[in-house]
Amino acid sequence: DLHLSIRRQRQMCIRDRGLRVMISYDSLRDKMKEKGISQYALIRRWHINPAQITRLKRNESVSPHTIEMFCKILKCEVGDIMRHIPDGKA
């Protein structure tokens, strides 16, 4: 459905002064695997809300607090779990 596709695309990016800024969390999975941390562990051990994990998997917006928590749990830098995709490069 075109409407759903447009809505999802809107959720996946942040609008800033007319520029489309997209953040990708695709490297998060790799970092979790490298550190041996499963989704189950995030939910049970660190009490991460499953909805936040889903939002990250879908490259949807999350709060800076969520990103900070993942960095603390994975003992990594922000750039290790997220990257900026320049406009038109997605």
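Please read these numbers as outputs of a predicted model, since none were measured by experiment.
Between the SG atom in Cys71 and the CD atom in Glu77 there is a gap of 7.0 Å [rounded to 0.5 Å]. Separating the NE2 atom in His47 from the CG atom in Leu42 is a distance of 11.5 Å, to the nearest 0.5 Å. For the atom pair Ile48 CD1 and Ile43 CD1, the distance stands at 9.0 Å (nearest 0.5 Å).
When only modelled atom types and interatomic distance are considered, Ser61 and Arg55 share a side-chain donor-acceptor pair under 3.5 Å.
No side-chain heavy atom of Arg83 sits under 4.5 Å from any side-chain heavy atom of Ile23. Within the 4.5 Å cutoff, the side chain of Asp80 has no heavy atoms near those of the Leu74 side chain. Annotation: side chain of Val78 is not in contact with side chain of Phe70 (no heavy-atom distance under 4.5 Å).
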Self-check item: Derivation and outcome, side-chain contact (heavy atoms from CB on, under 4.5 Å), residues Val62 and Gln52
Solution: CA-CA 7 Å; Val62 294; Gln52 294 304 318; 3.6 Å; yes
Quiz item: Stepwise, does the side-chain contact (heavy atoms from CB on, under 4.5 Å) test hold for Thr66 with Met69?
Solution: CA-CA 5 Å; Thr66 298; Met69 292 304 299; 5.7 Å; no
Quiz item: Where do Gln39 and Met32 land on the side-chain contact (heavy atoms from CB on, under 4.5 Å) test, with the steps shown first?
Solution: CA-CA 8 Å; Gln39 282 184 221; Met32 287 173 59; 4.1 Å; yes
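For the side-chain hydrogen bond (donor to acceptor under 3.5 Å, both in side chains) test, residues two or more places apart in sequence or in another chain that qualify with Ser24 are Asp26.
Counting only residues at least two apart or on different chains, the salt bridge (Lys or Arg N to Asp or Glu O under 4.0 Å) pairs with a member in residues 30-41 are Lys31-Glu34.
Minimum interatomic distance between Cys76 and Ile81 (heavy atoms only, all atoms of both residues): SG-CG2, 3.6 Å. What you find for Glu60 and Tyr25 is that their closest heavy atoms are O-CE1, 3.6 Å.
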